[in-house]
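Structure, as C-alpha cells:
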Amino acid sequence: MERVSDISLVTRVLVFHDKRAFDKLVKKHQSAVRRMFMNLTLGDASLSDDLAQDTFIKAYTRLGSFKSMSSFSTWLHRIAYNVFYDYTRSHRKTDDIDSMTLPGATTGGSASAALQMDIYSALGRLKTDERTCITLQLVDGMSIDDITEITGMPAGTVKSHLSRGKQKLATFLKENGYDR
C-alpha cells in the first residue's frame, strides 16, 4: 500500500504539477535519506542536510524518469547514493585514518553520545563502499537486492562489502570495550 501511495503522489506531481504532493513525498522519505547521509558523513548534520536537499532537488527534476520498476524509496536512495558518490569524488580527503576527526563530535556527555561517537569512528574506518552497504542494510533495513539496485554493485560484491564491513565494525568495537 505504501508503494501505491508513492506512485499516486508521483503521478499527481507529474500530471498536475502538484507541489504539495511532492512535499508529501519529501516529508515521508526525508528521515530515511537524512539518516543515510548522517551515517555516511559520520554524523556531519550540516553536510547531511545539504546532501539530502540536493537529493530531493534532483529527484524533483528527474521525477519523469521514475518508471515504477522499483519502489520510489529505492529510486530515491539511488539518487542519494549518486549524490554522495559525486560529493566524495569532488572532495577527496588526503588525511590518513588516524588523523580523522568526527564532525559534530562533542567532548564529555552521556554514554549514548560516547556510543554514537564510537559508532561513527568505527564507520569512519570502513571503505566508502563498505560503509554504504552497512548503512543501507543495518540502519535502513534494505535487502541485498535493494542495495544492489541502489549502488549498481553485483549482489556478490554487496555481500562481500557487508561481510568485511561487519567484521571490521565488530573488531573495532570489541577493541574499544564493547562486547556482544
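Index from 1, following the sequence. This structure is a prediction, so every number in the text was calculated from the model and none was measured. These numbers come from the heavy atoms of this one structure, side chains and all, not from hydrogens, waters or symmetry mates.
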ILVMFWY network linking Ile144 to Leu126, side-chain heavy atoms under 4.5 angstrom: yes
Contact check, side chains of Leu40 and Tyr81, non-hydrogen atoms, under 4.5 Å: no
Side chain proximity check, Gln137 to Lys166, heavy atoms < 4.5 angstrom: yes
Reported CD-to-CG distance for the pair Gln116 and Leu42, which is rounded to 0.5 angstrom: 11.0 Å
Minimum heavy-atom distance between Arg62 and Trp75, given as atom pair plus value: O-CZ2, 3.4 Å
Derivation of the side-chain contact (heavy atoms from CB on, under 4.5 Å) call for Met142 and Ile150: CA-CA 10 Å; Met142 296 203 170; Ile150 289 166; 3.2 Å; yes
Same apolar cluster (I L V M F W Y, side chains within < 4.5 Å links), Val26/Leu51: yes
Connected via hydrophobic side-chain network under 4.5 Å: Tyr60 and Leu9: yes
Evaluation steps, side-chain contact (heavy atoms from CB on, under 4.5 Å), between Phe72 and His29: CA-CA 9 Å; Phe72 179 78; His29 295 281; 3.5 Å; yes
Short side-chain to backbone donor-acceptor contact, Arg131 and Leu123, under 3.5 Å: yes
Check: Leu47 and Tyr87 side chains under 4.5 Å, non-hydrogen atoms: yes
Over all atoms of both residues, closest heavy-atom pair of Gly165 and Ile134: C-CD1, 3.9 Å
Within-4.5 Å side-chain heavy-atom neighbours: Thr151 and Leu136: yes
Student check: side-chain heavy atoms of Ser143 and Asp146 closer than 4.5 Å: yes
Evaluation steps, side-chain contact (heavy atoms from CB on, under 4.5 Å), between Met153 and Cys133: CA-CA 10 Å; Met153 296 177 205; Cys133 291; 4.2 Å; yes
Evaluation steps, side-chain contact (heavy atoms from CB on, under 4.5 Å), between Arg125 and Lys168: CA-CA 8 Å; Arg125 295 178 188 274; Lys168 288 178 185 178; over 6 Å; no
Nearest-0.5 Å distance that lies between atom OG1 in Thr11 and atom CG in Asp18: 11.0 Å
Phe22 side chain near Leu63 side chain, heavy-atom distance below 4.5 Å: yes
Ile119 CD1 to Leu169 CG distance, which is reported to the nearest 0.5 Å: 9.0 Å
Lys19 side chain near Asp23 side chain, heavy-atom distance below 4.5 Å: no
Salt bridge present between Arg78 and Glu149 (N-O < 4.0 angstrom): no
hydrophobic_cluster_shared for Met36 and Ile57, side chain cutoff 4.5 Å: no
Side chain to side chain, Asp49 and Arg34, heavy atoms closer than 4.5 Å: yes
Whether Thr74 side chain and Ser70 backbone form a donor-acceptor pair below 3.5 Å: no
Under 3.5 Å: donor-acceptor pair, side chain of Thr171, backbone of Gln167: yes
OG-CG distance between Ser73 and Asp140, expressed to the nearest 0.5 angstrom: 8.0 Å
Heavy-atom pair with the smallest gap, counting every atom of Ala21 and Val13: CB-CG2, 3.7 Å
Exercise: identify the closest heavy-atom pair between Thr41 and Ser48: OG1-OG, 3.0 Å
Closest approach of Ala59 to Ile79 (non-hydrogen atoms, all atoms of both residues): CA-CD1, 3.8 Å
Backbone of Phe172 reached by a side-chain donor or acceptor of Asn176 within 3.5 Å: yes
Mutual orientation of the aromatic rings belonging to Phe37 and Phe84 [parallel < 30°, tilted 30-60°, perpendicular > 60°]: tilted
